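Below is one structure, written out as structure tokens, with a few remarks after it.
Everything quoted here is computed from the prediction, not taken from an experiment. Note that ligands are numbered from 1 as they come in the structure, with each ligand's atoms numbered from 1 the same way.
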Amino acid sequence: MTRTILKFGGTSLGSADRIQSVAKRIIEIKKTTKEIVIVVSAMGKSTDHLVNLAKELSPNPAPREYDALLSTGENVSSSLLAMTLIGMGHPAISLSGIQAGVKTEDLHMKAKILCVETKRIEASLSEGTIVVISGFQGLNKFNDVTTIGRGGSDTSAVVFAASLNCKECNIFTDVDGVYTTDPRKVTNAKKLKSISYDEMLELASLGAGILHPRAVECAKENNIIIHVRSSFDASEGTRVMEVNTMEANKSVTGVTINEKEAIVSVLKVPDTPGFAGLLFTRLGEKGINIDMIIQNVEEQGNNNISFTVQSDDLDAAAAIAAEASKEIGAGAIKTDNKIAKVSAVGIGMISRPGVAAKMFKALGDANINILRIATSEIKISCAIPKADSIKALQVLHDVFELDA
Ligand code: ADP
Ligand code: ASP
Ligand code: MG
């Protein structure tokens, strides 16, 4: 092979020993691959430590400074890995996102990558140097460092694959592939050989932390195969790709849980046009993703509007809702962050009626209360009490026979 992209996640780089193992693995791959680009995450849980430090000193950290801080984690990994490779006798260079030419939107903390100016990467590759790039970061038009959202170095890796004309992007992580559900939560989860972009995108968006959803989106758009594999052994992993089975043989391919969900409700909304538009426009402007919207008609012509958000966005969403509510004379804001969202995903459900009924009945039989429901062509999601998360995951994994 002439060129490849290899991304190593936090756990794979969590200690000096692990960085050495990763370096040896890269050197093995270099024997058969001329040009290697490595994308790295921050070591272990170091981004979480930085987040906690920031919050200790400033409950609402200034976004520019927050990004300046969080981006340092990846720079630690890239420089340590590059110096390890050099020490082992292999020319390598670390590049921050800025040095690697990553340009992003202005928005801090969840900026989208606009393009990569690859000149510097190409120059190093043509000299035979292994290029080690800090994932998760870029530069906006004000010359400020941005970060692209938690878990975002998967997306950086796929963007580099697209920008450097690679057909495959290797994501090395602490499990050996994509499973029917999180193997750390359900012990009989089964490894998948391949999974379609659409199913992986739904699973990732609905909480399967194995891949950043935007990485899957970018791979689909650019027809790049993502190979998710173990950083600890050389086994084949799971390929995320266009899967050409004539007909899916199961209604459900995977199940997932998102425990970082919260509900915001606006009470007593006057029944006049415009409020939903106003509220959701403002939330969108702040980059807050909304899911599971419900509007109930109450007595006396008032409505309640409630929606779910990621719990990280709860405070910001509640503040925006309170302001909008005040402007139009609606009532109080209620929030609840003791919920989770369990989802079943599968292309096969398009042609098989009764999947939703089976899911609701299984949850009901297990005495799990369904608080909200959302569906699309290939997914069914239920908001449930957070305390029932793992039980619900196991119940759905069993009822859809995913270990078979
Ligand atoms: P990295 O640090 O390499 O980016 P992550 O922690 O982001 O690793 O992702 C790997 C984790 O994803 C696994 O340890 C596993 O617990 C979790 N995971 C969630 N859903 C799945 C799934 N369907 N298949 C495999 N792993 C999953
Ligand atoms: N280090 C960042 C995070 O923890 C990015 C990543 O791991 O992909 O969110
Ligand atoms: Mg990750």
Side-chain angles (χ1 to χ4, degrees), residues 6-14 18 22 39-52 54 66-67 69-78 97 109-111 113 133-138 146-159 169-195 199-216 226 228-232 237-238 240 252-260 310 312 342-346 389-390 393 396-397 402-403:
L6 317 173
K7 180 257 169 177
F8 291 91
T11 333
S12 320
L13 300 162
R18 293 230 164 134
V22 165
V39 180
V40 290
S41 298
M43 290 174 71
K45 301 257 170 248
S46 60
T47 311
D48 291 337
H49 291 309
L50 295 173
V51 168
N52 292 338
Y66 191 74
D67 275 359
L69 176 72
L70 258 59
S71 63
T72 60
E74 271 62 19
N75 295 342
V76 170
S77 302
S78 56
M109 290 146 78
K110 29 176 116 160
I113 298 176
I133 307 175
S134 306
F136 179 56
Q137 54 182 264
T146 51
T147 62
I148 65 168
R150 295 301 310 271
S153 44
D154 298 331
T155 300
S156 306
V158 176
V159 167
C169 179
N170 294 278
I171 306 267
F172 291 88
T173 184
D174 58 358
V175 284
D176 59 358
V178 179
Y179 281 67
T180 47
T181 192
D182 187 340
R184 297 189 196 286
K185 294 186 173 147
V186 173
T187 47
N188 59 344
K190 197 173 154 197
K191 186 167 129 187
L192 301 165
K193 253 188 152 165
S194 61
I195 182 167
E199 289 174 315
M200 191 66 238
L201 186 54
E202 285 284 11
L203 283 172
S205 308
L206 293 166
I210 181 79
L211 282 176
H212 196 233
R214 276 158 48 205
V216 184
I226 302 180
V228 179
R229 52 205 296 203
S230 167
S231 44
F232 308 123
T238 302
V240 183
V252 171
T253 302
V255 292
T256 187
I257 188 91
N258 184 352
E259 296 181 277
K260 293 187 181 157
Q310 294 293 292
D312 284 351
V342 66
S343 307
V345 171
S389 294
I390 303 299
L393 208 53
L396 296 185
H397 200 266
L402 296 183
D403 60 342

Classify the contact between Pro183 and ligand 1 as side chain, backbone, both or neither, using a heavy-atom distance cut-off of under 4.0 Å. side chain

Do me a favour and list the nearest non-hydrogen protein atom to atom 23 (N) of ligand 1 with residue, atom name and distance? Tyr179 O, 3.0 Å

Enumerated ligand 1 atoms positioned under 4.0 Å from heavy atoms of Val178: 24 (N)

Got a protein heavy atom sitting under 4.0 Å from atom 26 (N) of ligand 1? yes

Close-contact set for ligand 1 against Thr173 heavy atoms, below 4.0 Å: 1 (P), 3 (O), 8 (O), 9 (O), 10 (C)

Numbered atoms and elements of ligand 2 in range of Arg150, under 4.0 angstrom, heavy atoms: 3 (C), 4 (O), 9 (O)

Euclidean distance, Ser71 OG relative to Leu50 CG, rounded to 0.5 Å: 9.0 Å

Provide the number and element of each atom of ligand 1 under 4.0 Å from a heavy atom of Thr11. 2 (O)

Say whether Gly151 and ligand 1 are in contact under the criterion: heavy-atom distance to a ligand atom below 4.0 Å. no

Reported CD1-to-OG1 distance for the pair Ile210 and Thr173, which is rounded to 0.5 angstrom: 4.5 Å

Protein contact of atom 2 (C) of ligand 2 - nearest heavy atom, named by residue and atom, plus distance: Glu74 OE2, 3.4 Å

Under 4.0 Å, heavy-atom basis, I'd like to know which part of Arg150 is in contact with ligand 1: side chain, backbone, both or neither. neither

Report, in ascending order of atom number, the atoms of ligand 1 lying under 4.0 Å from any heavy atom of Asp174. 10 (C), 11 (C), 13 (C), 14 (O)

Test salt bridge (Lys or Arg N to Asp or Glu O under 4.0 Å) on Asp174 and Arg184 and set out the steps. CA-CA 11 Å; Asp174 58 358; Arg184 297 189 196 286; 3.2 Å; yes

Considering heavy atoms of the protein only, find what lies nearest to atom 2 (O) of ligand 1 and give residue, atom and distance to 0.1 Å. Gly10 N, 3.0 Å

Taking N or O atoms only and a 3.5 Å limit, does Lys7 qualify as a polar contact for ligand 2? no

Shortest protein heavy-atom distance from atom 9 (O) of ligand 1, along with the residue and atom involved: Gly209 O, 3.5 Å

Rounded at 0.5 Å granularity, tell me how far CD1 in Ile195 sits from CE in Met200. 5.5 Å

Under 3.5 Å between any N/O of Ser41 and any N/O of ligand 1: does that happen in this structure? no

Looking at every heavy atom in both Thr256 and Leu393, which two are closest together, and how far apart are they? C-CD1, 3.6 Å

Counting heavy atoms only, which part of Thr181 comes closer than 4.0 Å to ligand 1: side chain, backbone, both or neither? backbone

Compute the shortest N/O to N/O distance between Thr47 and ligand 2 and return yes if it is under 3.5 Å, no if not. yes

Do ligand 1 and Ala208 have nitrogen or oxygen atoms that lie under 3.5 Å from each other? no

Dump the intermediate steps for side-chain contact (heavy atoms from CB on, under 4.5 Å) on Thr180 and Leu192, then the final yes or no. CA-CA 7 Å; Thr180 47; Leu192 301 165; 4.0 Å; yes

Output the distance between atom CG (Leu13) and atom OG (Ser41), rounded to the nearest 0.5 Å. 7.0 Å

Would you say the side chain of Asp48 lies within less than 4.5 Å of the side chain of Arg150, judging by non-hydrogen atoms? yes

What residue and heavy atom of the protein are closest to atom 6 (C) of ligand 2, and at what distance? Ser153 OG, 3.2 Å

Run the contact test for Gly73 against ligand 2 with a 4.0 Å cut-off on heavy atoms, strictly below, and give the result. no

Mind listing the closest non-hydrogen atom pair of Ser153 and Lys7 along with its distance? OG-CE, 3.5 Å

Does Gly177 have a heavy atom less than 4.0 Å from any atom of ligand 1? yes

When rounded to the nearest 0.5 angstrom, what is the spacing between OG1 in Thr238 and CG in Asp176? 7.5 Å

Could you tell me which atoms of ligand 2, counted from 1 in the order shown, lie closer than 4.0 angstrom to a heavy atom of Ser41? 6 (C), 7 (O), 8 (O)

To the nearest 0.5 angstrom, please state how far the OG1 atom of Thr187 sits from the CG atom of Asp403. 9.5 Å

What one should report as the nearest heavy-atom pair of Ile148 and Arg214 is O-NH1, 2.8 Å

Does His212 have a non-hydrogen atom less than 4.0 Å from ligand 2? no

Can you see which heavy atom on His397 is nearest to which on Thr181, and at what distance? CD2-CG2, 3.5 Å

Among non-hydrogen protein atoms, atom 16 (O) of ligand 1 lies closest to Asp182 OD1, 2.9 Å

Using a 3.5 Å cut-off on N or O atoms only, is Gly151 in polar contact with ligand 2? yes

Please check if atom NZ in Lys260 has more than 12 non-hydrogen atoms from other residues, nucleotides or ligands closer than 6.0 Å. no

Give the minimum heavy-atom separation between Lys191 and Tyr179, together with the two atoms involved. N-CD2, 3.4 Å

Report the part of Val175 (side chain from C-beta onward, or backbone N, CA, C, O) that has a heavy atom under 4.0 Å from ligand 1; answer both or neither where that applies. side chain

Closest non-hydrogen atom pair, Gly135 against Val39: CA-CG1, 3.8 Å

Decide whether the shortest distance between a heavy atom of Gly135 and an atom of ligand 2 is less than 4.0 Å. no

Whether Lys7 lies under 4.0 Å from ligand 1, heavy atom: yes

Backbone or side chain, does any N or O of Thr180 fall under 3.5 Å from an N or O of ligand 1? no

Does one side chain, of Asp67 or Thr147, offer a donor that lies under 3.5 Å from an acceptor on the other? yes

